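Atoms within each ligand, like the ligands themselves, are counted from 1 in listed order. Because the structure is a prediction, the values reported are computed rather than measured.
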Amino acid sequence: MTAFRTLDHVDVKGKRILVRVDLNVPVENGIVTDSTRIERTAPAITEIADKGGKVILLSHFGRPKGRDLKQSLKPVAAEVARIIKRPVKFADDCIGEPAERAVAAMKPGDILCLENTRFHAGEEKNDPAFVAALAKLGDVWVNDAFSAAHRAHASTEGLGHKLPAYAGRTMQAELDALTKALEHPEHPLAAIVGGAKISTKLDLVGNLLDKVDALIIGGAMANTFLLAQGKTIGKSLAEADLVATAREIMVKAKAATREIVLPVDVVVAEKFEAHAPSRVVDADQVGAADMILDIGPRSVELVVSVLARAKTLVWNGPFGAFEMEPFDNGTIEVAEAAAELSEAGKLVSVAGGGDTVAALNVAGVVDRLTYVSAAGGAFLEWLEGKALPGVEVLRIK
Ligand code: 3PG
Ligand code: MG
(Lines give C-alpha, C1' and ligand atoms only; values in the text may rest on other atoms or scores of the structure.)
(Ligands and ions follow the chains in the order given, each with its own letter.)
Protein backbone atom coordinates (compact mmCIF):
# COMPACT_ATOMS: atom_id res chain seq x y z
CA MET A 1 0.00 0.00 0.00
CA THR A 2 2.97 2.28 0.44
CA ALA A 3 3.26 4.92 -2.24
CA PHE A 4 6.95 5.38 -1.54
CA ARG A 5 10.08 3.59 -2.61
CA THR A 6 11.82 2.16 0.43
CA LEU A 7 14.98 0.23 1.26
CA ASP A 8 13.06 -2.87 0.11
CA HIS A 9 13.30 -1.60 -3.46
CA VAL A 10 17.04 -1.03 -3.78
CA ASP A 11 20.13 -3.21 -3.94
CA VAL A 12 22.69 -1.26 -1.94
CA LYS A 13 25.54 -3.77 -2.14
CA GLY A 14 28.83 -2.09 -3.00
CA LYS A 15 27.07 1.20 -3.74
CA ARG A 16 27.69 4.61 -2.20
CA ILE A 17 24.49 5.44 -0.34
CA LEU A 18 23.94 9.06 0.65
CA VAL A 19 21.67 8.83 3.68
CA ARG A 20 20.00 12.07 4.75
CA VAL A 21 19.47 11.73 8.49
CA ASP A 22 18.38 14.32 11.04
CA LEU A 23 21.28 14.73 13.43
CA ASN A 24 19.89 18.07 14.57
CA VAL A 25 19.82 16.90 18.19
CA PRO A 26 20.13 19.00 21.34
CA VAL A 27 23.79 19.34 22.40
CA GLU A 28 25.08 21.03 25.56
CA ASN A 29 28.83 21.50 26.10
CA GLY A 30 29.61 19.00 23.38
CA ILE A 31 27.31 16.35 24.89
CA VAL A 32 24.17 15.10 23.12
CA THR A 33 21.35 15.49 25.67
CA ASP A 34 18.63 13.67 23.72
CA SER A 35 19.61 10.96 21.22
CA THR A 36 16.08 10.02 20.13
CA ARG A 37 16.64 11.07 16.53
CA ILE A 38 19.90 9.09 16.35
CA GLU A 39 18.25 6.00 17.81
CA ARG A 40 15.42 6.32 15.29
CA THR A 41 17.76 6.44 12.32
CA ALA A 42 20.08 3.67 13.55
CA PRO A 43 18.07 0.84 11.86
CA ALA A 44 18.48 2.35 8.37
CA ILE A 45 22.20 2.94 8.91
CA THR A 46 22.95 -0.57 10.15
CA GLU A 47 20.69 -2.24 7.58
CA ILE A 48 22.45 -0.54 4.67
CA ALA A 49 25.88 -1.27 6.15
CA ASP A 50 24.96 -4.93 6.80
CA LYS A 51 23.81 -5.27 3.20
CA GLY A 52 27.24 -4.08 2.03
CA GLY A 53 26.36 -0.50 1.18
CA LYS A 54 28.77 2.36 1.88
CA VAL A 55 26.82 4.58 4.26
CA ILE A 56 27.46 8.30 3.83
CA LEU A 57 25.53 10.35 6.39
CA LEU A 58 24.34 13.83 5.51
CA SER A 59 22.69 16.20 7.97
CA HIS A 60 22.29 19.78 9.01
CA PHE A 61 22.94 20.86 12.59
CA GLY A 62 21.66 24.09 14.07
CA ARG A 63 21.26 27.17 11.92
CA PRO A 64 24.82 28.33 11.16
CA LYS A 65 25.43 31.13 8.73
CA GLY A 66 28.39 29.69 6.89
CA ARG A 67 31.17 27.52 8.34
CA ASP A 68 31.09 27.70 12.14
CA LEU A 69 32.91 24.96 14.03
CA LYS A 70 30.78 25.59 17.12
CA GLN A 71 28.08 23.90 15.06
CA SER A 72 30.19 21.02 13.82
CA LEU A 73 28.58 17.60 13.51
CA LYS A 74 31.76 15.92 14.77
CA PRO A 75 30.59 15.33 18.38
CA VAL A 76 27.23 14.12 17.06
CA ALA A 77 28.96 11.64 14.73
CA ALA A 78 30.76 10.27 17.81
CA GLU A 79 27.35 9.79 19.46
CA VAL A 80 26.09 7.96 16.36
CA ALA A 81 29.08 5.60 16.65
CA ARG A 82 28.35 5.02 20.33
CA ILE A 83 24.69 4.24 19.67
CA ILE A 84 25.14 1.94 16.70
CA LYS A 85 28.27 0.40 18.24
CA ARG A 86 30.29 0.71 15.04
CA PRO A 87 33.04 3.03 13.87
CA VAL A 88 31.84 6.18 12.11
CA LYS A 89 34.45 8.15 10.20
CA PHE A 90 34.13 11.90 9.78
CA ALA A 91 34.95 14.25 6.91
CA ASP A 92 35.52 17.95 7.62
CA ASP A 93 33.38 19.09 4.73
CA CYS A 94 30.31 17.66 3.02
CA ILE A 95 31.51 18.43 -0.53
CA GLY A 96 34.80 18.87 -2.36
CA GLU A 97 38.16 17.28 -1.73
CA PRO A 98 37.79 16.24 1.97
CA ALA A 99 34.47 14.53 1.28
CA GLU A 100 35.56 12.95 -2.02
CA ARG A 101 38.75 11.58 -0.48
CA ALA A 102 36.89 10.09 2.50
CA VAL A 103 34.27 8.49 0.24
CA ALA A 104 36.90 7.06 -2.11
CA ALA A 105 38.54 5.32 0.87
CA MET A 106 35.30 3.57 1.93
CA LYS A 107 34.77 -0.18 1.79
CA PRO A 108 31.36 -1.90 1.69
CA GLY A 109 29.76 -1.70 5.15
CA ASP A 110 31.75 1.40 6.18
CA ILE A 111 29.99 4.39 7.69
CA LEU A 112 31.08 7.99 7.12
CA CYS A 113 29.51 11.17 8.44
CA LEU A 114 30.00 14.38 6.49
CA GLU A 115 30.24 17.81 8.11
CA ASN A 116 27.14 20.02 8.59
CA THR A 117 25.45 20.64 5.24
CA ARG A 118 24.43 24.14 6.38
CA PHE A 119 28.07 25.27 6.34
CA HIS A 120 27.28 25.92 2.66
CA ALA A 121 24.70 28.51 1.63
CA GLY A 122 23.75 26.22 -1.29
CA GLU A 123 22.09 23.80 1.14
CA GLU A 124 19.18 26.02 2.16
CA LYS A 125 19.00 27.59 -1.30
CA ASN A 126 18.74 24.13 -2.85
CA ASP A 127 21.35 25.43 -5.28
CA PRO A 128 21.84 23.10 -8.27
CA ALA A 129 25.65 23.44 -8.13
CA PHE A 130 25.66 22.39 -4.47
CA VAL A 131 23.21 19.54 -5.19
CA ALA A 132 25.54 18.37 -7.97
CA ALA A 133 28.56 18.50 -5.63
CA LEU A 134 26.69 16.28 -3.14
CA ALA A 135 25.31 13.97 -5.82
CA LYS A 136 28.85 13.28 -7.04
CA LEU A 137 29.52 11.48 -3.75
CA GLY A 138 26.80 8.86 -4.08
CA ASP A 139 24.97 6.41 -6.33
CA VAL A 140 21.70 6.42 -4.39
CA TRP A 141 19.93 8.83 -2.03
CA VAL A 142 18.02 7.60 1.00
CA ASN A 143 15.97 10.12 2.92
CA ASP A 144 15.53 9.06 6.55
CA ALA A 145 14.93 12.56 7.90
CA PHE A 146 11.16 13.01 8.16
CA SER A 147 11.76 15.71 10.77
CA ALA A 148 13.57 17.85 8.17
CA ALA A 149 11.22 16.99 5.28
CA HIS A 150 9.37 20.32 5.54
CA ARG A 151 12.54 21.95 4.18
CA ALA A 152 13.15 22.00 0.41
CA HIS A 153 16.91 22.03 0.86
CA ALA A 154 19.63 20.41 -1.26
CA SER A 155 20.15 17.41 1.01
CA THR A 156 16.46 17.00 1.96
CA GLU A 157 14.89 17.46 -1.47
CA GLY A 158 17.27 18.47 -4.26
CA LEU A 159 19.18 15.18 -4.25
CA GLY A 160 15.94 13.33 -4.89
CA HIS A 161 15.88 14.79 -8.40
CA LYS A 162 19.48 13.81 -9.15
CA LEU A 163 19.80 10.30 -7.73
CA PRO A 164 17.50 7.27 -7.35
CA ALA A 165 15.56 8.16 -4.17
CA TYR A 166 14.27 5.92 -1.37
CA ALA A 167 12.68 6.36 2.06
CA GLY A 168 14.74 5.12 5.00
CA ARG A 169 13.19 3.05 7.79
CA THR A 170 12.38 5.97 10.07
CA MET A 171 10.89 7.97 7.23
CA GLN A 172 8.83 4.91 6.37
CA ALA A 173 7.65 4.46 9.97
CA GLU A 174 6.70 8.13 10.26
CA LEU A 175 4.77 8.04 6.99
CA ASP A 176 2.99 4.80 7.91
CA ALA A 177 1.98 6.12 11.32
CA LEU A 178 0.83 9.51 10.07
CA THR A 179 -1.09 8.02 7.16
CA LYS A 180 -2.84 5.59 9.47
CA ALA A 181 -3.73 8.39 11.87
CA LEU A 182 -4.84 11.11 9.52
CA GLU A 183 -5.36 9.93 5.93
CA HIS A 184 -7.02 6.56 6.55
CA PRO A 185 -7.96 6.58 10.23
CA GLU A 186 -10.43 4.33 11.92
CA HIS A 187 -13.22 6.56 13.24
CA PRO A 188 -14.05 8.07 15.63
CA LEU A 189 -10.90 10.13 15.24
CA ALA A 190 -10.01 12.48 18.08
CA ALA A 191 -7.30 15.13 18.08
CA ILE A 192 -5.73 16.90 21.02
CA VAL A 193 -4.32 20.29 20.14
CA GLY A 194 -2.59 22.15 22.93
CA GLY A 195 0.08 24.74 23.39
CA ALA A 196 0.02 28.43 24.06
CA LYS A 197 -1.28 30.15 20.97
CA ILE A 198 -4.11 29.62 18.51
CA SER A 199 -2.40 32.10 16.20
CA THR A 200 0.32 29.52 15.44
CA LYS A 201 -2.17 26.66 15.10
CA LEU A 202 -4.96 28.13 12.98
CA ASP A 203 -4.03 26.14 9.85
CA LEU A 204 -3.75 23.04 11.92
CA VAL A 205 -7.14 23.48 13.60
CA GLY A 206 -8.72 24.24 10.22
CA ASN A 207 -7.33 21.11 8.59
CA LEU A 208 -8.14 18.90 11.57
CA LEU A 209 -11.72 20.13 11.77
CA ASP A 210 -12.28 18.70 8.29
CA LYS A 211 -11.05 15.29 9.41
CA VAL A 212 -11.70 14.63 13.09
CA ASP A 213 -14.84 13.69 14.97
CA ALA A 214 -13.68 15.39 18.16
CA LEU A 215 -11.20 18.21 18.64
CA ILE A 216 -9.91 18.47 22.19
CA ILE A 217 -8.36 21.83 22.93
CA GLY A 218 -5.76 22.20 25.68
CA GLY A 219 -3.08 24.54 26.90
CA ALA A 220 -3.40 28.32 27.00
CA MET A 221 -5.10 28.05 23.59
CA ALA A 222 -8.17 26.77 25.41
CA ASN A 223 -8.37 30.06 27.35
CA THR A 224 -9.12 31.98 24.18
CA PHE A 225 -11.96 29.53 23.51
CA LEU A 226 -13.25 30.00 27.07
CA LEU A 227 -13.35 33.76 26.36
CA ALA A 228 -15.26 32.99 23.17
CA GLN A 229 -17.79 31.08 25.28
CA GLY A 230 -18.29 34.30 27.29
CA LYS A 231 -16.36 33.09 30.34
CA THR A 232 -13.91 35.23 32.30
CA ILE A 233 -10.36 33.93 32.68
CA GLY A 234 -8.76 36.36 35.14
CA LYS A 235 -5.06 36.84 34.45
CA SER A 236 -4.71 33.74 32.28
CA LEU A 237 -2.72 33.81 29.07
CA ALA A 238 -4.95 34.25 26.00
CA GLU A 239 -5.12 36.00 22.65
CA ALA A 240 -7.87 38.57 22.95
CA ASP A 241 -7.65 39.45 19.25
CA LEU A 242 -8.48 35.86 18.32
CA VAL A 243 -11.67 35.49 20.33
CA ALA A 244 -13.79 36.11 17.23
CA THR A 245 -11.77 33.50 15.34
CA ALA A 246 -12.26 30.99 18.14
CA ARG A 247 -16.00 31.68 18.03
CA GLU A 248 -16.03 31.10 14.25
CA ILE A 249 -14.20 27.82 14.73
CA MET A 250 -16.85 26.70 17.23
CA VAL A 251 -19.69 27.69 14.90
CA LYS A 252 -18.05 25.87 12.00
CA ALA A 253 -17.50 22.78 14.13
CA LYS A 254 -21.12 22.76 15.23
CA ALA A 255 -22.39 23.05 11.67
CA ALA A 256 -20.17 20.13 10.66
CA THR A 257 -21.22 18.15 13.78
CA ARG A 258 -17.67 17.98 15.02
CA GLU A 259 -17.34 17.98 18.75
CA ILE A 260 -15.07 20.60 20.32
CA VAL A 261 -13.99 19.60 23.79
CA LEU A 262 -12.99 22.39 26.15
CA PRO A 263 -12.07 22.33 29.84
CA VAL A 264 -15.03 22.21 32.22
CA ASP A 265 -12.87 22.78 35.28
CA VAL A 266 -9.39 24.20 35.66
CA VAL A 267 -6.49 24.46 38.11
CA VAL A 268 -5.78 28.08 38.95
CA ALA A 269 -2.97 29.84 40.82
CA GLU A 270 -2.08 33.46 41.41
CA LYS A 271 1.59 32.95 40.56
CA PHE A 272 3.16 31.46 37.44
CA GLU A 273 5.65 29.23 39.20
CA ALA A 274 6.17 25.61 40.17
CA HIS A 275 4.23 24.56 43.29
CA ALA A 276 2.41 27.89 43.51
CA PRO A 277 -0.63 27.48 45.82
CA SER A 278 -3.46 26.37 43.55
CA ARG A 279 -7.08 25.24 43.57
CA VAL A 280 -9.59 23.63 41.23
CA VAL A 281 -12.56 25.72 40.06
CA ASP A 282 -15.28 25.29 37.46
CA ALA A 283 -14.33 26.85 34.13
CA ASP A 284 -16.92 29.62 34.71
CA GLN A 285 -15.68 30.44 38.23
CA VAL A 286 -12.21 31.77 37.46
CA GLY A 287 -11.45 34.79 39.69
CA ALA A 288 -9.97 38.11 38.62
CA ALA A 289 -6.55 37.31 40.15
CA ASP A 290 -6.46 33.71 38.89
CA MET A 291 -4.29 32.21 36.23
CA ILE A 292 -5.37 28.96 34.57
CA LEU A 293 -2.37 26.61 34.67
CA ASP A 294 -3.91 23.19 34.02
CA ILE A 295 -7.13 21.33 33.40
CA GLY A 296 -9.02 20.01 36.42
CA PRO A 297 -10.08 16.43 37.28
CA ARG A 298 -13.51 16.67 35.65
CA SER A 299 -11.87 17.87 32.43
CA VAL A 300 -9.43 14.97 32.58
CA GLU A 301 -12.40 12.61 32.95
CA LEU A 302 -14.18 14.26 30.04
CA VAL A 303 -11.12 13.99 27.78
CA VAL A 304 -10.52 10.38 28.80
CA SER A 305 -14.17 9.54 28.01
CA VAL A 306 -13.71 11.00 24.52
CA LEU A 307 -10.55 8.92 24.05
CA ALA A 308 -12.34 5.81 25.31
CA ARG A 309 -14.92 6.23 22.53
CA ALA A 310 -12.31 7.00 19.87
CA LYS A 311 -10.41 4.51 17.72
CA THR A 312 -7.68 6.91 16.64
CA LEU A 313 -5.93 9.82 18.36
CA VAL A 314 -3.63 12.49 16.97
CA TRP A 315 -1.92 14.54 19.68
CA ASN A 316 -0.02 17.81 19.39
CA GLY A 317 0.63 20.08 22.34
CA PRO A 318 0.36 19.66 26.11
CA PHE A 319 -2.60 20.65 28.28
CA GLY A 320 -1.36 22.85 31.12
CA ALA A 321 1.88 24.58 31.96
CA PHE A 322 3.38 21.09 31.88
CA GLU A 323 6.94 22.30 32.42
CA MET A 324 6.03 23.27 36.01
CA GLU A 325 4.96 20.79 38.68
CA PRO A 326 2.19 20.10 39.57
CA PHE A 327 0.66 21.74 36.50
CA ASP A 328 1.85 18.83 34.35
CA ASN A 329 -0.78 16.70 36.03
CA GLY A 330 -3.57 16.97 33.44
CA THR A 331 -1.20 16.12 30.58
CA ILE A 332 0.25 13.17 32.50
CA GLU A 333 -3.17 11.73 33.39
CA VAL A 334 -4.49 12.01 29.84
CA ALA A 335 -1.23 10.55 28.50
CA GLU A 336 -1.49 7.62 30.90
CA ALA A 337 -5.06 6.92 29.76
CA ALA A 338 -4.05 7.15 26.09
CA ALA A 339 -1.16 4.75 26.76
CA GLU A 340 -3.44 2.23 28.50
CA LEU A 341 -6.02 2.33 25.71
CA SER A 342 -3.25 1.92 23.13
CA GLU A 343 -1.70 -1.02 24.99
CA ALA A 344 -5.12 -2.66 25.20
CA GLY A 345 -5.38 -2.41 21.40
CA LYS A 346 -8.37 -0.06 21.61
CA LEU A 347 -6.72 3.09 20.30
CA VAL A 348 -4.21 3.98 17.61
CA SER A 349 -2.38 6.96 19.12
CA VAL A 350 0.07 9.14 17.23
CA ALA A 351 1.74 12.14 18.85
CA GLY A 352 4.39 14.62 17.80
CA GLY A 353 5.75 18.15 17.87
CA GLY A 354 8.60 19.52 20.01
CA ASP A 355 6.82 20.32 23.29
CA THR A 356 4.57 17.33 22.96
CA VAL A 357 7.39 14.82 22.96
CA ALA A 358 9.00 16.54 25.95
CA ALA A 359 5.67 16.37 27.81
CA LEU A 360 5.09 12.72 26.90
CA ASN A 361 8.61 11.93 28.06
CA VAL A 362 7.78 13.46 31.45
CA ALA A 363 4.63 11.32 31.46
CA GLY A 364 6.72 8.25 30.65
CA VAL A 365 4.48 7.11 27.78
CA VAL A 366 6.66 7.58 24.70
CA ASP A 367 7.12 3.82 24.24
CA ARG A 368 3.51 3.03 25.12
CA LEU A 369 1.64 5.14 22.58
CA THR A 370 1.31 3.64 19.10
CA TYR A 371 3.79 6.09 17.60
CA VAL A 372 5.55 9.22 18.78
CA SER A 373 7.08 11.24 15.99
CA ALA A 374 10.60 12.60 16.36
CA ALA A 375 9.61 15.61 14.28
CA GLY A 376 8.72 19.11 15.39
CA GLY A 377 7.91 21.49 12.54
CA ALA A 378 7.49 18.71 9.97
CA PHE A 379 4.86 16.98 12.11
CA LEU A 380 2.95 20.26 12.45
CA GLU A 381 3.04 20.94 8.71
CA TRP A 382 1.76 17.43 8.04
CA LEU A 383 -1.14 18.04 10.46
CA GLU A 384 -1.80 21.32 8.67
CA GLY A 385 -2.31 19.29 5.50
CA LYS A 386 0.73 20.72 3.75
CA ALA A 387 2.83 18.72 1.32
CA LEU A 388 6.35 18.14 2.67
CA PRO A 389 8.99 18.59 -0.07
CA GLY A 390 11.25 15.87 1.34
CA VAL A 391 8.32 13.43 1.26
CA GLU A 392 6.87 14.47 -2.09
CA VAL A 393 10.16 13.78 -3.83
CA LEU A 394 9.99 10.15 -2.63
CA ARG A 395 6.51 9.45 -3.97
CA ILE A 396 6.14 6.88 -6.72
CA LYS A 397 4.63 8.80 -9.59
C1 3PG B 1 14.04 20.33 13.46
O2 3PG B 1 14.81 20.25 14.42
O3 3PG B 1 12.84 20.64 13.56
C4 3PG B 1 14.57 19.93 12.11
O5 3PG B 1 15.81 19.35 12.22
C6 3PG B 1 14.60 21.12 11.18
O7 3PG B 1 15.46 22.11 11.66
P8 3PG B 1 15.25 23.62 11.17
O9 3PG B 1 13.98 24.09 11.80
O10 3PG B 1 16.46 24.38 11.62
O11 3PG B 1 15.12 23.58 9.66
MG1 MG C 1 12.49 23.52 13.92
Could you list the donor-acceptor pairs under 3.5 angstrom formed between side-chain atoms of residues 350-359 and any protein atom two or more places apart in sequence or on another chain?
unit_1, atom_1, unit_2, atom_2, d
Thr356, OG1, Gly317, N, 2.7
Thr356, OG1, Gly352, O, 3.0

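- Taking Glu183 as the reference, Lys211 meet the salt bridge (Lys or Arg N to Asp or Glu O under 4.0 Å) condition, with sequence neighbours excluded.
- Less than 4.0 angstrom separates some heavy atom of Arg63 from each of these atoms of ligand 1: 8 (P), 9 (O), 10 (O).
- With no hydrogens or angles considered, a side-chain donor-acceptor pair links Glu174 and Ser373 at under 3.5 Å.
- Residue-to-ligand polar distances place Arg118 within reach of ligand 1: an N/O pair is separated by less than 3.5 Å.
- Contact atoms of ligand 1 toward Asp22: 4 (C), 5 (O) (distance under 4.0 Å to a heavy atom of the residue).
- No side-chain N or O of Arg40 forms a donor-acceptor pair with one of Thr170 less than 3.5 Å apart.
- Between the choices His150, His60, Arg151, Arg37, the shortest heavy-atom distance to atom 1 (C) of ligand 1 belongs to Arg37.
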